[in-house]
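Below: one structure, written as structure tokens.
Along the sequence shown, the residues carry numbers beginning at 1. Keep in mind that what you see is a predicted model, and the values were worked out from it rather than measured.
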Amino acid sequence: MGSEFVGKLLKIGELAELAGVSKRTIDYYTQLGLLEPVRSETNYRYYPEESIEHLQLIHALKKQHLTLEE
């Protein structure tokens with residue numbers, strides 16, 4: 001797995017639960033390039049722990065009426 005990340009890598013379900021969002025939301029943000037998973041050798045997606053903070057920031061910016069593109 002991605003040795004460039006130091007810290008815990010989370011499965012999509014773990015990230016969704018910790019961040020209080022759906023797995024579908026994480027999929028959507030990943031497709032938009034707002035979140036960047038690490039791929040395992042078996043092609044599973046793992047997200048660095050910092051992704052929780054990224055999701056919180058996205059939520060805060062959306063509350064300020066910024067679009068996801070912005």
Side-chain angles (χ1 to χ4, degrees):
M1 276 192 286
S3 57
E4 67 271 12
F5 291 106
V6 178
K8 186 174 182 185
L9 293 174
L10 305 167
K11 294 178 184 176
I12 190 171
E14 294 171 319
L15 176 59
E17 186 175 329
L18 290 170
V21 298
S22 69
K23 291 190 282 185
R24 186 173 174 190
T25 296
I26 293 172
D27 279 336
Y28 181 60
Y29 291 168
T30 301
Q31 289 174 355
L32 291 176
L34 298 174
L35 295 174
E36 190 174 328
V38 176
R39 291 279 181 177
S40 71
E41 291 175 9
T42 54
N43 211 29
Y44 283 106
R45 288 179 293 170
Y46 290 93
Y47 292 85
E49 236 174 343
E50 308 84 72
S51 297
I52 297 168
E53 294 171 20
H54 293 159
L55 286 165
Q56 291 169 342
L57 176 62
I58 292 166
H59 180 73
L61 293 172
K62 282 178 61 180
K63 278 186 141 181
Q64 295 176 20
H65 305 288
L66 292 173
T67 66
L68 291 173
E69 290 76 24
E70 291 175 306

Residues 11-20, side-chain donor-acceptor partners within the protein, below 3.5 Å, at least two apart:
from, atom 1, to, atom 2, distance (Å)
Glu14, OE1, Lys11, N, 2.7

Inset, instruction - Give the intermediate values and the outcome of side-chain contact (heavy atoms from CB on, under 4.5 Å) for residues Leu34 and Tyr28. - result: CA-CA 9 Å; Leu34 298 174; Tyr28 181 60; over 6 Å; no

Legend entry - Note, Tyr46 side chain near Ser40 side chain (heavy atom, < 4.5 Å): yes

Legend entry - Backbone N/O of Ile26 and side chain of Thr30: donor-acceptor pair under 3.5 Å: yes

Legend entry - Leu10-Val38 co-clustered via ILVMFWY side chain contacts under 4.5 Å: no

In residues 52-67, what donor-acceptor pairs under 3.5 Å come from side-chain atoms, sequence neighbours left out?
from, atom 1, to, atom 2, distance (Å)
Lys62, NZ, Tyr29, OH, 3.4
Thr67, OG1, Glu70, N, 3.2
Thr67, OG1, Glu70, OE1, 3.4

Legend entry - same_hphob_cluster(Tyr44, Leu35) at 4.5 Å side-chain heavy-atom cutoff: no

